Amino acid sequence: MPEIGATLREARMRQRIDISEIEAETKIRAKYLRALENEEWGLLPGPTYVRTFLRTYAEALGLDAKLLLEEYKIRHERPSDHDLMPIAPPRRRPPTGPRRGVPRWVPVAAMLVVLLTALFALGKSGGGDDDGAPTEASVPASTTMTGTARRQRTTTTTPTARRRPRTTATPANVVRLQLVPTGEVFVCLENASGKTLINGATLRPGSTAGPFRSKRFTMRLGNGNVRLRVNGRTRQVGGGSPMGYVVTKGSVRRVNPDQTPECA
């Protein structure tokens, strides 16, 4: 596979996109975009930013972001310290049985003596009652642990899992549209629900409008001084005045201006 930076640069130049346009769309500073193209990884803030910038830049150019990320991981990322730790044999637990030289019946006999002593003391303290009802022996609370307490103790000792940043997936049928004027141009733009996104504004070179997201766009243009970026790909418009266009996931279709919205 070619170098990562060369792949990004060739894709951008093949589409005739200036790096300032990518900066406006992705909100990534131009110096970081040039560092990606030149594979100057040391100029970027860190590996996490490298992966995020690389994914965003590749998607803006219509490239396979997953393939470029795998290539970056293989060529430039080092395995973590945890991956390099040798596998140690499991530690043996110390024996929990009685000590050597002490018969097993000795602890049992000691427990019986303590229990009988406690019962005798309780019976003696309750001997003054007329009904002679036996008194129940209470077990110290410190010797037992309820199931709830055990669950709480287990929960508090469990290490917190590291959360990964969520990525918002764009639905397959949604179009991402951005307008890049090359000269002064009148624009009237509506989305699929009929909402006016640009209400008869005159766009000037050096500015951008969008990106907008919808399943379908209908627009009226005063002239052809504008480039349309549809899902990261640049589309040129024809000549004429006025012009109408319908933009969907699979096409940019020119229509009669009477079929397009009329803005104030």
Side-chain angles (χ1 to χ4, degrees), residues 7-28 33 52-69 166-264:
T7 302
L8 296 172
R9 186 185 306 106
E10 291 174 2
R12 179 176 62 81
M13 297 180 66
R14 184 169 57 251
Q15 300 178 32
R16 298 180 179 179
I17 304 173
D18 189 74
I19 202 164
S20 60
E21 298 179 23
I22 302 295
E23 180 182 21
E25 178 181 353
T26 62
K27 310 303 181 184
I28 301 174
L33 297 175
T52 302
F53 291 169
L54 186 58
R55 181 188 296 107
T56 304
Y57 195 3
E59 290 176 352
L61 295 174
L63 300 175
D64 190 344
K66 183 178 180 181
L67 184 62
L68 291 178
L69 286 172
R166 295 182 179 180
T167 56
T168 303
T170 303
N173 58 345
V174 172
V175 184
R176 188 174 74 252
L177 174 65
Q178 186 179 27
L179 283 73
V180 182
T182 58
E184 291 191 356
V185 55
F186 172 86
V187 180
C188 180
L189 178 65
E190 285 187 358
N191 62 10
S193 61
K195 179 181 179 181
T196 301
L197 303 176
I198 301 178
N199 190 10
T202 299
L203 304 183
R204 292 176 173 79
S207 64
T208 58
F212 306 101
R213 287 175 173 80
S214 180
K215 296 181 180 179
R216 184 174 181 269
F217 294 98
T218 307
M219 75 178 73
R220 176 185 290 236
L221 301 175
N223 52 49
N225 295 335
V226 65
R227 287 184 295 180
L228 307 179
R229 289 186 55 78
V230 182
N231 290 340
R233 296 181 179 274
T234 301
R235 303 293 182 90
Q236 301 290 342
V237 300
S241 176
M243 296 181 294
Y245 280 91
V246 174
V247 181
T248 58
K249 176 70 174 179
S251 67
V252 177
R253 180 167 52 90
R254 185 168 181 174
V255 299
N256 193 305
D258 295 337
Q259 302 176 7
T260 59
E262 294 183 3
C263 297

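This structure is a prediction, so every number in the text was calculated from the model and none was measured.
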Do [X] and [Y] come close enough that some side-chain heavy atom pair is under 4.5 Å?
{"X": "V226", "Y": "L203", "result": "no"}
{"X": "I22", "Y": "I28", "result": "no"}
{"X": "Y57", "Y": "L68", "result": "no"}
{"X": "V255", "Y": "T218", "result": "no"}
{"X": "M243", "Y": "T260", "result": "no"}
{"X": "N225", "Y": "E184", "result": "no"}
{"X": "I17", "Y": "V180", "result": "no"}

Checklist line | Nearest non-hydrogen partners of P205 and G183, listed with the distance | finding: CD-C, 3.6 Å
Margin query: Can you give me the closest heavy-atom contact between P261 and C188, atom names plus distance?
Written below: O-SG, 3.7 Å
Inter-residue atom distance [X].[atom1] - [Y].[atom2], 0.5 Å rounding:
{"X": "L63", "Y": "R55", "atom1": "CG", "atom2": "CZ", "value": "14.0 Å"}
{"X": "N231", "Y": "Q178", "atom1": "CG", "atom2": "CD", "value": "11.5 Å"}
{"X": "L179", "Y": "T208", "atom1": "CG", "atom2": "OG1", "value": "9.0 Å"}
{"X": "C263", "Y": "M219", "atom1": "SG", "atom2": "CE", "value": "11.5 Å"}
{"X": "T234", "Y": "D18", "atom1": "OG1", "atom2": "CG", "value": "11.0 Å"}
{"X": "L61", "Y": "R9", "atom1": "CG", "atom2": "CZ", "value": "12.0 Å"}

Next item on the list: Using a cut-off of 6.0 Å, state whether more than 12 heavy atoms not belonging to R233 lie near its atom CZ.
Entry: no
Notebook entry, point to check: In this structure, which one of I198, N191, V175 forms a side chain to side chain contact (heavy atoms under 4.5 Å, CB included) with F212?
Noted result: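 Among I198, N191, V175, the one that satisfies the side chain to side chain contact (heavy atoms under 4.5 Å, CB included) with F212 is I198.
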Next item on the list: Measure from the side-chain N and O atoms of R235 to the backbone N and O of L228, and report whether any donor-acceptor pair falls under 3.5 Å.
Entry: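 No, R235 side chain to L228 backbone: no donor-acceptor pair under 3.5 Å.
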Note to self: Please enumerate all residues that pass salt bridge (Lys or Arg N to Asp or Glu O under 4.0 Å) together with E25, with sequence neighbours excluded.
What the structure shows: R176, R229
Note to self: Here's a test for you: under salt bridge (Lys or Arg N to Asp or Glu O under 4.0 Å), which of R12, R227, R16 qualifies with E21?
What the structure shows: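 Considering R12, R227, R16, a salt bridge (Lys or Arg N to Asp or Glu O under 4.0 Å) with E21 is found only for R227.
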